[in-house]
Amino acid sequence: MDEKSATRDRILEAAINRIKHYGYGKTTMAEIAADCDMSPGNIYRFFEAKIDIAEAMARKHYAEEHGGLAATARRKDLRPDAKLREMLARRMRDNFQMFSESAKILEVAEVLSRERPLFMNELIALERVSIIAVIEEGMEAGIFAKSDADFIAEMMQAATLKFGIPQLFSKLTLPKLEREFDGVMNLLLNGLYARATEAAQPTTRAKHDAKA
């Protein structure tokens, strides 16, 4: 890593630590610069504005999240339907944990959705790539009925939006979210299954009853 990249990472790490503690609105560029032992003017060589730091923070987080989604999509030990459930459940759990541990980070999500809507659309598009790949895998395996994988992935994202946007679930408990998530995924997957395989797919409630 070159010196410029290292300095940029140091600024970003200082910003993350300060925003987690004080919140986005109460954090200034001058304070971030002071935390890095540099002048306020120097910090603008790396980030033109505080919103650019917020976007860099989000990109860092979502790069890790999308890497996890892609890794799940490539797993050979899971059926495509199980992959979809795990991918979207992991997204929900990771975001819930992050915002539970650092509630002030929610301010970053809110300001980005308001001031950088194109960035948020980009994140959704990147996530859809992995979802499409798994849906197509399921179609090729005869587990899912043949259809337009791109459209199905878009609708699946729309149906599970609540479980990926912290502003929509920050007031709920994780067990409540997981219950709702399981119900939504059961409905979605039941709609995807090829009719010949549908009867072989137990719902979460059916599996729970079987264990009782």
Side-chain angles (χ1 to χ4, degrees), residues 8-36 38 40 43-70 72 86-131 153-185 188:
R8 189 178 187 279
D9 286 349
R10 185 159 59 92
I11 294 170
L12 185 57
E13 188 64 27
I16 291 172
N17 290 335
R18 179 165 282 276
I19 289 172
K20 279 183 177 181
H21 187 73
Y22 295 103
Y24 179 82
K26 293 184 177 180
T27 294
T28 68
M29 293 289 272
E31 289 169 336
I32 296 171
D35 291 342
C36 296
M38 62 173 55
I43 201 172
Y44 286 100
R45 294 173 50 209
F46 298 90
F47 296 97
E48 292 184 5
K50 189 169 66 169
I51 185 65
D52 296 307
I53 292 181
E55 182 175 326
M57 289 173 59
R59 286 191 181 279
K60 177 180 174 65
H61 168 72
Y62 286 111
E64 295 172 356
E65 181 177 285
H66 291 149
L69 292 178
T72 301
E86 175 57 26
M87 287 163 66
L88 297 174
R90 174 175 178 167
R91 177 191 66 179
M92 176 184 67
R93 291 192 301 263
D94 288 352
N95 281 321
F96 186 91
Q97 180 178 355
M98 179 178 69
F99 288 101
S100 294
E101 294 174 349
S102 306
K104 299 272 186 197
I105 293 293
L106 188 60
E107 292 182 37
V108 175
E110 291 171 344
V111 73
L112 284 174
S113 65
R114 183 174 64 251
E115 297 187 27
R116 297 283 169 91
L118 292 181
F119 167 65
M120 304 306 291
N121 290 339
E122 177 189 337
L123 294 180
I124 293 171
L126 287 172
E127 179 186 81
R128 192 177 302 153
V129 171
S130 294
I131 296 174
E154 183 181 355
M155 294 304 101
M156 182 168 283
Q157 284 182 302
T160 61
L161 184 67
K162 174 179 181 176
F163 308 106
I165 305 297
Q167 296 94 313
L168 300 179
F169 65 60
S170 60
K171 302 299 182 182
L172 300 177
T173 65
L174 185 57
K176 169 68 172 174
L177 279 172
E178 289 175 333
R179 177 180 177 278
E180 292 183 1
F181 174 80
D182 280 340
V184 170
M185 287 303 298
L188 291 173

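In what follows, every heavy atom counts, from backbone to side chain, and hydrogens, waters and symmetry copies are set aside.
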Donor-acceptor contacts, no H, no angles, side chain residues 98-107, under 3.5 Å, sequence neighbours left out:
from, atom 1, to, atom 2, distance (Å)
Ser100, OG, Phe96, O, 2.7
Glu101, OE2, Gln97, NE2, 3.0
Glu107, OE1, Tyr24, N, 3.0
Glu107, OE1, Gly25, N, 3.0

Worksheet item: What heavy-atom pair brings Asp35 and Arg18 nearest, and what distance separates the two atoms?
Response: OD2-NE, 2.7 Å

Worksheet item: From Glu55 CD over to Leu112 CG, what is the distance, rounded to the nearest 0.5 angstrom?
Response: 6.5 Å

Worksheet item: Do Asp94 and Glu64 come close enough that some side-chain heavy atom pair is under 4.5 Å?
Response: no

Discussion item. Do Val108 and His61 have side chains that approach each other closer than 4.5 Å (heavy atoms only, starting at C-beta)?
Written reply: no

Worksheet item: Taking Gln157 for the side chain and Ile124 for the main chain, is one N or O donor matched with an acceptor at less than 3.5 Å?
Response: yes

Worksheet item: Any side-chain heavy atom of Lys50 within less than 4.5 Å of one from Val111?
Response: no

Discussion item. If the condition is side chain to side chain contact (heavy atoms under 4.5 Å, CB included), which residues does Arg8 pass it with, not counting sequence neighbours?
Written reply: Phe46, Phe47, Ala56

Discussion item. Distance check, rounded to the nearest 0.5 Å: Leu12 atom CG versus Asn17 atom CG?
Written reply: 9.5 Å

Worksheet item: Does the side chain of Ile53 reach to within under 4.5 Å of the side chain of Met29, using non-hydrogen atoms?
Response: yes

Discussion item. Keeping Thr160 on the side-chain end and Phe163 on the backbone end, is there a donor-acceptor pair under 3.5 Å?
Written reply: no

Practice prompt. Decide yes or no for Leu123 and His66: does some side-chain heavy atom of the first lie under 4.5 Å from some side-chain heavy atom of the second?
Written response: yes

Worksheet item: Under 3.5 Å, side chain of Asp182 to main-chain N/O of Arg179, donor-acceptor pair present?
Response: no

Practice prompt. Using a 4.5 Å cut-off on heavy atoms from C-beta on, say whether the side chain of Val184 contacts that of Lys162.
Written response: no

Response to the item:
Tightest non-hydrogen contact, residues Leu69 and Ser130, listed as C-OG, 4.3 Å

Practice prompt. Please report the C-alpha distance between Lys60 and Met57 in whole Å, then the side-chain angles of each, then the deciding distance to 0.1 Å, and finally whether the side-chain contact (heavy atoms from CB on, under 4.5 Å) criterion is met.
Written response: CA-CA 5 Å; Lys60 177 180 174 65; Met57 289 173 59; 5.8 Å; no

Practice prompt. Could you check if a side-chain atom of Leu88 sits within less than 4.5 angstrom of a side-chain atom of Ile131, using non-hydrogen atoms only?
Written response: yes

Worksheet item: Between OG1 of Thr72 and CD of Glu86, what distance do you get to the nearest 0.5 Å?
Response: 5.5 Å

Worksheet item: Is the closest basic N to carboxylate O distance between Arg116 and Asp52 below 4.0 Å?
Response: yes

Discussion item. How long is the straight-line distance from CD of Glu31 back to NZ of Lys26, given to the nearest 0.5 Å?
Written reply: 11.0 Å

Item to complete: Using the test side-chain hydrogen bond (donor to acceptor under 3.5 Å, both in side chains), find all partners of Glu48 that sit at least two apart in sequence or belong to another chain.
Response: none

Worksheet item: Hey, are the side chains of Glu178 and Met92 touching, using non-hydrogen atoms and a 4.5 Å cut-off?
Response: yes

Worksheet item: OG1/Thr27 to NZ/Lys20 distance, rounded to the nearest 0.5 angstrom?
Response: 13.0 Å

